[in-house]
Amino acid sequence: MTTRVDAYDVIRRDALGGIERRRLQPERELADVRSEVERAVDDYQRRARLGEEVPLGDPVTMVHRVLRSVTDFGPLTDLLARRDVEEVFVEGPRVTFLDTTGRLRGLAEPTSEDENRQMVDRLLASTERQLNAKQPLVQARVLDGTARLTAAIPPVSDRLSATLRRYTVRDASLDALVARDALSEEAAAFMW
């Protein structure tokens with residue numbers, strides 16, 4: 001599994017370098033970005049045939065994975081689309097999440113701290129906030145106001161540390177609110 005992560009990182013860095021050199025905008029020039037990612041995978045496979053790298057088992061999947069990282073939220077894309085995920089925790093390269101059942105689970109797809117930092121920066125792009133040496137701790141509403149992102153980098157933390165919390169509304173009855181002292185019996189009767 002380590003070889004796959006290393007190959008992914010090598011290909012991803014190469015593709016990002018090509019996209020930056022050509023000054024491509026991933027959100028607007030998807031076809032050119034795809035060709036740059038395909039070029040990076042082809043270059044890697046060429047080096048693998050020469051014995052310099054370990055060959056990929058499925059280059060098409062690698063193209064899709066790198067393209068998703070460059071144009072979307074990478075491994076976080078599927079997590080952010082799920083309605084049952086309430087919180088996402090990022091600690092360096094590790095990603096865990098809390099679902100509506102209250103279970104903490106790890107992300108099956110491997111990530112790197114560099115990739116996770118790029119995803120945090122992409123989430124912050126729609127806000128006026130930036131995570132950098134001058135502002136090593138940031139909080140912002142993201143994903144069209146449906147979630148709150150809190151992120152920190154050194155020297156405030158040892159490494160990238162981020163929490164994305166969705167605003168969720170659970171089904172709660174008036175009786176349950178009264179039982180928790182969140183609502184008086186009179187107010188519940190009035191609302192009923």
Original post:
CZ of F97 to CG of L76: how many Å apart, nearest 0.5 Å?
Top reply: 11.0 Å
Original post:
Rounded to the nearest 0.5 Å, how far apart are CG of L123 and CG of L131?
Top reply: 11.5 Å
Original post:
Which atom pair, heavy atoms only, marks the closest approach of V41 to P59?
Top reply: CG1-CB, 3.9 Å
Original post:
Please, which pairs that meet side-chain hydrogen bond (donor to acceptor under 3.5 Å, both in side chains) have at least one residue in residues 89-98, sequence neighbours excluded?
Top reply: E91-S161
Kindly list each side-chain donor-acceptor pair under 3.5 angstrom involving residues 134-151, sequence neighbours excluded, with atom names and distances?
| from | atom 1 | to | atom 2 | distance (Å) |
| --- | --- | --- | --- | --- |
| R141 | NH2 | G145 | O | 2.9 |
| T146 | OG1 | L143 | O | 2.7 |
| R148 | NH1 | A140 | O | 3.3 |

Subject >> R13 and D114 ion-paired at < 4.0 Å >> reply: no
Original post:
So, for S35 and D32, which heavy atoms are closest and what is the spacing to 0.1 Å?
Top reply: OG-O, 2.8 Å
Original post:
Can you find a heavy atom in the side chain of D14 that is under 4.5 Å from one in the side chain of Y44?
Top reply: no
Original post:
Do the side chains of R166 and L80 get nearer than 4.5 Å, heavy atoms only?
Top reply: yes
**OP:** State, with a plain yes or no, whether a side-chain heavy atom of L183 is found less than 4.5 Å away from one of M191.
**Re:** yes
Original post:
Is a salt bridge present between E109 and R68, judged by a nitrogen-to-oxygen distance below 4.0 Å?
Top reply: yes
Original post:
Should R12 and S69 be marked as a side-chain hydrogen bond (donor to acceptor under 3.5 Å, both in side chains) after you check the CA-CA gap, both sets of side-chain angles, and the distance that decides it?
Top reply: CA-CA 8 Å; R12 186 175 164 275; S69 173; 2.9 Å; yes
Original post:
Can a salt bridge be assigned to the pair D72 and R122 using a cut-off of 4.0 Å between side-chain N and carboxylate O?
Top reply: no
**OP:** Please check if V70 and M119 belong to a single hydrophobic cluster, counting links between Ile, Leu, Val, Met, Phe, Trp and Tyr side chain heavy atoms closer than 4.5 Å.
**Re:** no
Subject >> Residue that, paired with E87, satisfies salt bridge (charged side-chain N to carboxylate O under 4.0 Å, His left out) out of R165, R103, R105 >> reply: R165
Original post:
Roughly how far, to the nearest 0.5 Å, is CD of Q118 from OG of S112?
Top reply: 9.0 Å
Original post:
Residues two or more places apart in sequence or in another chain: which of them pass salt bridge (Lys or Arg N to Asp or Glu O under 4.0 Å) with D121?
Top reply: R117
Subject >> Shared hydrophobic cluster for L124 and L16 (ILVMFWY, side-chain gaps under 4.5 Å) >> reply: no
Original post:
In terms of hydrophobic clusters joined by side-chain contacts under 4.5 Å, are V85 and L98 together?
Top reply: no
Mind listing the side-chain donor-acceptor pairs of residues 24-31 below 3.5 Å, one per line with the distance, residues two or more places apart or on another chain?
| from | atom 1 | to | atom 2 | distance (Å) |
| --- | --- | --- | --- | --- |
| Q25 | OE1 | R28 | NH1 | 2.6 |
| E29 | OE1 | Q25 | N | 2.7 |

Output side-chain donor-acceptor pairs under 3.5 Å for residues 45-55, partner residues at least two apart or in another chain, one line each.
| from | atom 1 | to | atom 2 | distance (Å) |
| --- | --- | --- | --- | --- |
| Q45 | OE1 | L56 | N | 2.9 |
| R46 | NH1 | D43 | OD1 | 2.7 |

Original post:
Where do N116 and G92 come nearest, in terms of heavy atoms and distance?
Top reply: ND2-O, 2.9 Å
Subject >> L67 side, atom CG; R34 side, atom CZ - distance, nearest 0.5 Å >> reply: 5.0 Å
Subject >> Rounded distance (nearest 0.5 Å) linking atom CD1 of I11 with atom CG of D6 >> reply: 11.0 Å
Original post:
Does any non-hydrogen side-chain atom of Y8 lie less than 4.5 Å from one of E115?
Top reply: yes
**OP:** Can you measure from CD (E36) to CD (E38) and round to the nearest 0.5 angstrom?
**Re:** 10.5 Å
Original post:
Does D84 have any salt bridge (Lys or Arg N to Asp or Glu O under 4.0 Å) partners at least two apart in sequence or in another chain, and if so, which?
Top reply: R82
Subject >> E113 and R159 ion-paired at < 4.0 Å >> reply: no
